[in-house]
A.B. asks: 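Got a structure here, written out as structure tokens. Questions coming.
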Amino acid sequence: MNHDNETSGAAEAPGRDFIRQIVADDLASRRHREIVTRFPPEPNGYLHIGHAKSICLNFGIAAETGGRCFLRLDDTNPLKEDQAYVDSIIDSVRWLGFDWADRLTHASDYFAQIHACALQLIEAGKAYVDSLSAEQIREYRGTLKAPGRESPHRSRSVAENLDLFARMRKGEFADGEHVLRAKIDMASPNINLRDPVLYRIRRAVHQRTGDAWCIYPMYDFAHTISDALEGISHSLCTLEFEDHRPLYEWLLAQLTLPARPRQIEFSRLNLAFTVTSKRKLAELITLGHVSGWDDPRMPTIAGMRRRGYPPAALRDFVQRTGVTKKEHLIQMSLLENCVREDLNVRAPRAMAVLNPLKVVLINWPEGRTEMLRGANHPDQPELGEREIPFGRELWIEQDDFAENPPKKFFRLQPGGEVRLRYGYIIKCVDVIKDAAGQLTEVHCTVDPETRSGLSGAERKVKGTIHWVSAVHALPAEVRLYDRLFSVPRPDAGGDDQDFKTFLNPASLQVLTGCQLEPALRTIAPGAVLQFERLGYFVADSVDHGAARPVYNRIVTLRDSWARLEEAAGAASAAIPTTSRA
RNA sequence: UGGGGCGUAGCCAAGUGGUAAGGCAGCGGGUUUUGAUCCCGCCAUCCGCAGGUUCGAAUCCUGCCGCCCCAGCCA
């Protein structure tokens with residue numbers, strides 16, 4: 001059951017957030033006949049859960065209204081960008097379930113038009129070449145509370161500006177020697193309007209245009225023009241660009257362009273116990289805290305994919321968090337709920353013992369194997385059944401046996417009975433220990449009348465546990481993942497507090513002696529399963545193979561017993577537990 | 001009084017003057033050969049605070065408080 005190819009359901013019923021209301025109004029009032037949006041990532045890192053929100057919003061609105069959405073790579077800074085990131089972005093958006101048809105574009109596709117826009121601005125006296133250094137420009141810009149000062153080059157003639165800009169483009173100057181600036185208002189309370197830089201000289205080989213250019217447009221300039229050229233009706237971006245909207249509109253007003261998009265801002269998706277800044281994610285990789293952009297603990301789309309999160313769950317999650325202008329911090333439990341909800345319906349069940357404890361059935365004949373049958377899904381008979389071998393020696397979970405059981409423990413215990421899933425009721429009659437006093441195996445008797453299907457199976461016992469026949473078991477490696485950070489806001493300290501000090505040392509636990517039921521022999525990489533009573537797992541897409549099974553834990557099952565134990569432990573020890581959000 | 005935003009439950013979020021949707025989390029109960037799933041029930045006299053307008057305010061007005069963003073030749 002490989003869900004990686006699943007691409008349907010990309011148009012789940014959306015809520016009526018404020019952006020969709022605006023869109024609906026614009027359609028109703030005939031302000032627009034067609035809705036056109038775009039998702040414009042910069043190819044300088046992998047996409048993460050925050051991008052997923054923007055992707056779902058932009059592609060979702062286009063799909064819901066019968067409009068179009070562009071996937072546009074905003075590649076205006078060759079120093080930071082790379083084709084490998086472009087590839088990963090394309091891969092992630094497609095995996096999330098969205099389609100851009102022939103609308104895969106790049107800001108660099110428009111370099112010629114953007115350059116022409118610069119000329120138009122210069123000719124209109126609305127832009128000039130400045131020759132101040134970067135430091136001087138910063139000084140002249142003023143501060144948040146004090147107005148800036150005009151550059152001495154601000155009054156250059158159109159002819160001189162044209163000449164200088166042409167020579168910038170021809171490569172006559174060194175990097176940083178000149179820039180092209182918009183001529184707006186150095187005293188504006190909005191710093192973005194204090195003659196923002198439009199073009200800078202950068203002798204760098206661009207991944208798509210090579211060395212065709214040595215001047216590159218800045219974000220505000222390139223982005224506005226790209227939006228207009230593509231006929232974007234609604235340009236959706238995050239809150240930090242609110243202050244840029246006046247510049248966006250100023251440019252649209254000065255330039256001759258085919259469309260006049262409207263920019264609307266929404267708050268970005270923040271997930272508790274994670275960081276999403278590309279710089280920080282890259283740092284985790286560089287320092288070896290994770291194995292790469294697709295490490296299953298990463299909040300990247302690639303990481304969540306390898307972790308086994310279904311794309312439909314991610315879409316559902318994004319939709320449930322809503323779209324507003326309010327800053328927020330979404331709890332991990334919402335994401336986990338979405339993942340479980342999707343997987344519960346689709347994931348075939350199987351039995352796996354992660355921390356094995358040997359059980360010997362002393363009244364079961366040596367060497368006798370019996371084949372039991374188990375449904376692959378409790379509610380979906382169409383998923384079929386499989387045979388499960390049963391024998392004298394079994395593996396059970398160490399946690400499913402307690403020599404001195406706590407209250408309400410209804411798993412295996414001395415003198416107690418428990419049902420083996422799909423099999424028999426057994427009774428613990430003896431406990432075997434080694435010289436050091438360590439428990440080595442548990443001896444039980446089987447009640448032969450209680451096999452599933454027999455009338456004796458009606459007998460009720462408190463607990464049912466999962467198991468695997470020892471001689472038939474498949475050894476496997478299982479990787480248990482937990483949150484990467486131990487605090488809800490690892491980056492709350494800003495630059496004063498290193499977010500890495502909040503790394504969760506137990507975010508990855510590798511178990512090597514796990515035992516799987518033999519029906520799992522043919523599971524393909526990427527397939528998702530529920531290991532009964534434990535959680536949902538995915539066969540690792542890179543390390544798993546028939547010869548060496550490797551599974552990642554996607555998420556545990558909800559576990560009210562664990563909560564009880566935790567509460568009891570916390571009460572008796574009076575130790576403050578890790579904050580849960 | 002630099003400018004721009006935002007404040008509804010533990011976390012999200014509807015609500016657009018007529019008397020607080022929904023989801024997650026939590027709590028209680030039922031079903032159950034997964035302590036899962038599923039099902040049922042509970043969970044804001046109150047909408048950052050204080051005044052005001054109104055028959056009536058989360059929604060309108062005034063003032064205040066709190067939080068976020070902006071001084072890259074990054075996006």
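Below, chains carry the letters A, B, ... as their sequence lines are ordered, and counting in each starts from 1.
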A.B. asks: Nearest-Å distance, OH (A:Tyr536) to C1' (B:A36)?
C.D. replies: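 In whole Å, B:A36 C1' lies 7 Å from A:Tyr536 OH.
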A.B. asks: Give me the distance, rounded to whole Å, that separates B:C49 from B:A9 when you measure between the P atoms they each carry.
C.D. replies: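 Roughly 10 Å separates the two P atoms.
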A.B. asks: Whole angstroms only, please: what is the CG-P distance between A:Asp379 and B:U37?
C.D. replies: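 To the nearest whole Å, that distance equals 12 Å.
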A.B. asks: Measure the distance from CD on A:Glu417 to P on B:U33 and round it to the nearest whole Å.
C.D. replies: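 Value for this atom pair: 16 Å.
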A.B. asks: If you pin A:Arg533 and A:Arg138 to their nearest nucleotides in RNA chain B, which one's is more 5'?
C.D. replies: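 The residue closer to the strand's 5' end, by nearest nucleotide, is A:Arg533.
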A.B. asks: Listing time: all N or O pairs from protein to nucleotides 67-70 of chain B that are below 3.5 Å?
C.D. replies:
unit_1 : atom_1 : unit_2   : atom_2 : d
B:C68  : O2'    : A:Glu327 : OE2    : 2.6

A.B. asks: Can you tell which of B:G23, B:C73, B:U34 lies closest to the side chain of A:Arg349?
C.D. replies: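 Closest nucleotide among those given: B:U34.
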A.B. asks: Nearest whole angstrom, please: distance from the P of B:G4 to the CD of A:Glu242.
C.D. replies: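 Checked: the CD to P distance equals 11 Å.
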A.B. asks: When the P atoms of B:G66 and B:G29 are compared, how many Å lie between them, rounded to an integer?
C.D. replies: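 Result for the P pair: 45 Å, nearest Å.
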A.B. asks: Can you tell me how far apart OG1 (A:Thr321) and CG (A:Leu329) are? Round to the nearest 0.5 Å.
C.D. replies: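 The CG atom of A:Leu329 is 12.0 Å from OG1 of A:Thr321, to the nearest 0.5 Å.
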A.B. asks: Nearest to the A:Glu81 side chain among B:A75, B:G35, B:C12, which nucleotide is it?
C.D. replies: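 For A:Glu81, the side-chain atoms sit closest to B:A75.
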A.B. asks: Starting from C1' on B:A13, measure out to NZ on A:Lys53 and report it in whole angstrom.
C.D. replies: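 In whole Å, B:A13 C1' and A:Lys53 NZ are 11 Å from each other.
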A.B. asks: Rounded to the nearest Å, what distance is computed from the CH2 atom of residue A:Trp250 to the C1' atom of nucleotide B:G3?
C.D. replies: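 Rounding to the nearest Å, CH2 of A:Trp250 and C1' of B:G3 are 19 Å apart.
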A.B. asks: Just jot down the ring pair (Phe, Tyr, Trp, His ring centres under 6.0 Å) partners of A:Phe241, sequence neighbours excluded, or say none.
C.D. replies: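 A:Phe241 satisfies ring pair (Phe, Tyr, Trp, His ring centres under 6.0 Å) with A:Tyr219, A:His244 only.
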A.B. asks: Go through B:C6, B:U34, B:C74 for me and flag the one nearest to the A:Lys325 side chain.
C.D. replies: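 Looking only at side-chain atoms, A:Lys325 lies closest to B:C6.
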A.B. asks: Does the ring of A:Tyr219 meet both stacking tests against the six-membered base ring of B:A75: centre distance under 5.5 Å and plane angle under 30°?
C.D. replies: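 The ring of A:Tyr219 is not stacked on B:A75.
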A.B. asks: Detail all sub-3.5 Å separations between protein N/O atoms and N/O atoms belonging to nucleotides 25-28 of chain B.
C.D. replies:
unit_1 : atom_1 : unit_2   : atom_2 : d
B:G26  : OP1    : A:Arg563 : NH1    : 3.3
B:G26  : OP2    : A:Arg558 : NH2    : 3.4

A.B. asks: Select one nucleotide: of B:G2, B:G35, B:C73, the one nearest the side-chain heavy atoms of A:Met218.
C.D. replies: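 The closest nucleotide is B:C73.
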A.B. asks: Return the nearest nucleotide to the side chain of A:Thr321; candidates are B:C12, B:G2, B:U34.
C.D. replies: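 Comparing B:C12, B:G2, B:U34 against the side chain of A:Thr321, the answer is B:C12.
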A.B. asks: What is the distance, to the nearest angstrom, from the CG atom on A:Asn270 to the C1' atom on B:C11?
C.D. replies: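 Going from A:Asn270 (CG) to B:C11 (C1'), I get 13 Å.
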A.B. asks: Please determine, by modelled atom types, if A:His466 and A:Arg349 share a side-chain donor-acceptor pair under 3.5 angstrom.
C.D. replies: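 Their side chains do not contain a donor-acceptor pair, so the 3.5 Å distance test is not met.
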A.B. asks: Between A:Ile201 (CD1) and B:G72 (C1'), how many Å, whole number?
C.D. replies: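 So the two atoms are 17 Å apart, to the nearest Å.
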